[in-house]
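For this chain, numbers begin at 1 and follow the sequence in order. Atoms within a ligand are numbered from 1 in the order they appear, just like the ligands themselves.
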Amino acid sequence: MTNSIKVGISSCVLGENVRFDSGHKTSKFVTKELTPYFEFVPVCPEVGMGMPVPRPTIRLISDQERVALVETKNPDIEHTAKMLDFSEQKVGELKNQDLCGYIVCAKSPTCGMERVKIYRKGGAENTGVGLFTQELMKQMPWLPVEEDGRLNDPVLKENFIARIFVLRDFYDSMGDEPTAGKLVAFHSRYKLTLMAHHPQSYKNLGRLVANIKDYDSNTFYQMYREGLMKAVVHRASRKNNTNVLMHLQGYFKRALGKDEKVELCRVIEDYRQGILPLLAPITLIKHYLAAYPDEYLSEQKFLQPHPQEMRLRYGL
Ligand code: SF4
């Protein structure tokens with residue numbers, strides 16, 4: 001267990017009483033289940049830019065030309081420039097902290113990640129992004145960002161947490177100085193993960209790694225990090241996972257006896273058909289791996305993308 005995986009979070013989701021009505025929006029999943037694993041970095045941009053608690057409610061409006069952040073009751077009072085300035089400066093600071101993820105409060109005109117209401121003449125549309133989170137995603141396009149409510153969905157939750165661990169592992173593997181050797185070794189450990197999440201990115205990143213000598217290490221680091229993190233945004237589908245499992249099966253062709261082969265085939269097929277969860281074939285493969293060790297396979301992050309105690313693969 002580690003506390004050094006830094007994850008930014010909207011302060012109200014962590015339970016701080018910073019909302020317009022002096023309330024909070026605590027996510028029990030965050031405070032109960034994630035706290036042992038992550039070190040949260042709370043930010044309330046509205047308080048950060050100088051608004052009091054309690055405060056008037058604000059919302060996004062659009063007059064075709066631009067989106068503005070104004071007070072709901074008195075749209076003549078505008079906070080756009082102040083919020084944009086605060087966001088640019090604060091995100092600039094966060095960029096130096098090796099954040100590995102960010103949990104934002106849904107629907108907020110400041111922190112919402114998507115489908116935030118924008119009011120126009122004649123009605124409202126759910127097409128906005130909170131101004132702070134917009135800046136966050138602009139300055140750190142590689143960063144896993146997710147909304148509090150979406151973390152109740154087991155698939156989105158697993159994907160988000162897996163991405164956080166990928167990024168932390170990437171930073172740990174590179175250390176203070178990324179080198180070609182470190183990048184190649186990292187890529188090798190993530191081959192099956194990439195195949196499961198997005199086979200096309202697996203091919204593209206493989207080509208990039210093959211041409212690593214054409215780049216200086218810093219440029220390569222930036223390009224690889226962005227490609228890697230974009231690839232893992234795609235959820236690992238049952239079909240792709242099945243392909244990876246069959247690929248893994250190939251490694252045991254010689255080692256396994258007839259009955260063991262039949263058993264592995266059956267468990268993979270049951271997973272493919274949705275009868276068994278992913279954990280079933282993975283557990284069997286790990287069992288075979290313990291009996292018939294293989295260095296390349298045991299290093300594959302696909303087999304253990306996050307701590308088992310988090311129980312994130314149970315429902316997949
Ligand atoms: S949604 Fe964002 S701005 Fe609003 S209270 Fe929560 S942290 Fe503060």
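- Contact annotation: M83 has no heavy atom less than 4.0 Å from any atom of ligand 1.
- Taking a cutoff of 4.0 Å between a charged side-chain nitrogen and a carboxylate oxygen, R266 and E269 do not qualify as a salt bridge.
- For a distance threshold of 2.8 Å, the protein N, O or S atoms nearer than that to atom 6 (Fe) of ligand 1, listed by chain and number, are C12 SG.
- Aromatic pair Y251/Y296: centroids less than 6.0 angstrom apart.
- Looking at C44 and E16, their side chains never come closer than 4.5 Å, going by heavy atoms from C-beta outward.
- Residue R55 approaches ligand 1 through these ligand atoms, each under 4.0 Å from one of its heavy atoms: 5 (S).
- The existence of a salt bridge linking R120 and E125 is confirmed by a sub-4.0 Å separation between a basic side-chain nitrogen and an acidic carboxylate oxygen.
- Atoms of ligand 1 found under 4.0 Å from any heavy atom of V43, numbered from 1 in the order shown, are 7 (S).
- Here the NZ atom belonging to K157 is positioned 14.0 Å from the CZ atom belonging to R150, to the nearest 0.5 angstrom.
- A salt bridge does not link K6 with D98: none of the charged nitrogens is closer than 4.0 Å to a carboxylate oxygen.
- Under 4.0 Å is where a charged nitrogen must lie from a carboxylate oxygen, and between R189 and D169 at least one such pair does.
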